[in-house]
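No experiment lies behind these values; they were computed from the predicted model shown. All residue numbers in this chain count up from 1 along the given sequence.
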Amino acid sequence: MSLYTPDVVTLWAIQSEIFEGVQGLFEFPSTEDDEPQASPFARAYRLGWFDTDFAELHSGASAAELLSAAAQQCRTLDEQAVGRLPAGDWNGLYLVYRGAGDQWSAPETRPPMPHGVVDVDGVKFQLVDSFHVLIRP
């Protein structure tokens, strides 16, 4: 018998012609004083610093296919999110898990952010929502 760990995951759909360099949109550069600066993605969504070790970028297929693959790790994610994916040629997903920081601990505590399509350096993002999931061991 395997035990699942409850978690919260916040999901964005991504649309990009090429994914080379997209990971850099999530990185928080540091100043000379070791103070983190907002990443382009964080600025666009008015987010503070979060631990990107608890985030995943998926690309290389349609958003629906990537969601199905992500659901192998996050039980029930596909069932909850498939009907909420935006229509169109979305070919990437970005997932942020609760471990990224306090603001990701529950959907109702997620910081306010844009809900429409947001262009970040030529890459389009759309917030899908936050979901309670079970993480497979």
Side-chain angles (χ1 to χ4, degrees):
M1 182 171 124
S2 64
L3 300 174
Y4 295 97
T5 305
D7 206 342
V8 173
V9 64
T10 302
L11 175 68
W12 283 265
I14 303 172
Q15 189 177 70
S16 181
E17 289 186 25
I18 52 174
F19 273 84
E20 185 177 315
V22 171
Q23 186 68 41
L25 298 175
F26 306 110
E27 294 173 3
F28 289 86
S30 295
T31 65
E32 291 178 13
D33 299 330
D34 248 359
E35 292 294 320
Q37 299 296 303
S39 68
F41 175 79
R43 279 193 307 275
Y45 278 96
R46 296 177 290 205
L47 300 171
W49 180 88
F50 63 92
D51 190 342
T52 56
D53 287 344
F54 293 91
E56 298 174 357
L57 174 64
H58 298 264
S59 63
S62 71
E65 291 172 295
L66 295 169
L67 181 62
S68 180
Q72 299 301 312
Q73 172 79 16
C74 301
R75 188 167 174 249
T76 74
L77 179 61
D78 56 342
E79 297 162 6
Q80 297 177 72
V82 71
R84 302 188 76 173
L85 288 175
D89 296 328
W90 297 89
N91 57 350
L93 296 177
Y94 190 62
L95 292 81
V96 177
Y97 295 88
R98 158 177 59 192
D102 291 341
Q103 72 267 30
W104 305 101
S105 62
E108 54 277 358
T109 62
R110 186 185 67 223
M113 54 184 74
H115 291 273
V117 175
V118 175
D119 188 295
V120 181
D121 295 342
V123 177
K124 293 180 181 170
F125 292 88
Q126 183 160 352
L127 175 66
V128 177
D129 209 338
S130 292
F131 304 95
H132 291 276
V133 298
L134 297 172
I135 303 297
R136 296 181 193 271

**Distance (rounded to the nearest 0.5 Å) between H132 NE2 and D7 CG** = 10.0 Å
**Request:** To the nearest 0.5 angstrom, please state how far the CG atom of N91 sits from the NZ atom of K124.
**Result:** 11.0 Å
**Message:** Given 3.5 Å as the limit, does a donor-acceptor pair link the side chain of D33 with the main chain of E35, or not?
**Reply:** no
**Request:** Please answer whether the main-chain N or O of A42 pairs with a side-chain N or O of S39 as donor and acceptor at a distance below 3.5 Å.
**Result:** yes
**Message:** Quick one, V133 and Y4 - any side-chain contact, counting heavy atoms below 4.5 Å?
**Reply:** no
**Message:** Just verifying a value: how many Å separate Q126 CD and W90 CH2, rounded to the nearest 0.5 Å?
**Reply:** 5.0 Å
**Item:** Identified ring-ring contact (aromatic ring centres under 6.0 Å, His included) partner of Y94 from the options F26, F19, F125, F54
**Value:** F26
**Message:** I need the C74 SG to I135 CD1 distance, nearest 0.5 Å.
**Reply:** 3.5 Å
**Item:** Name of the residue among L77, I14, L66 meeting side-chain contact (heavy atoms from CB on, under 4.5 Å) with L93
**Value:** L66
**Message:** Measuring only between side-chain heavy atoms, which start at C-beta, is V128 closer than 4.5 Å to L67?
**Reply:** no
**Message:** Any side-chain to backbone donor/acceptor pair from R136 onto Q72? Under 3.5 Å, distance only.
**Reply:** yes
**Message:** Check this for me: D119, atom CG, are more than 12 non-hydrogen atoms of other residues, nucleotides or ligands nearer than 6.0 Å?
**Reply:** yes
**Asked** Which residues pass the side-chain hydrogen bond (donor to acceptor under 3.5 Å, both in side chains) test with R84, sequence neighbours left out?
**Response** D129
**Asked** Does any donor atom in the side chain of E79 or T76 lie under 3.5 Å from an acceptor atom in the other side chain?
**Response** no
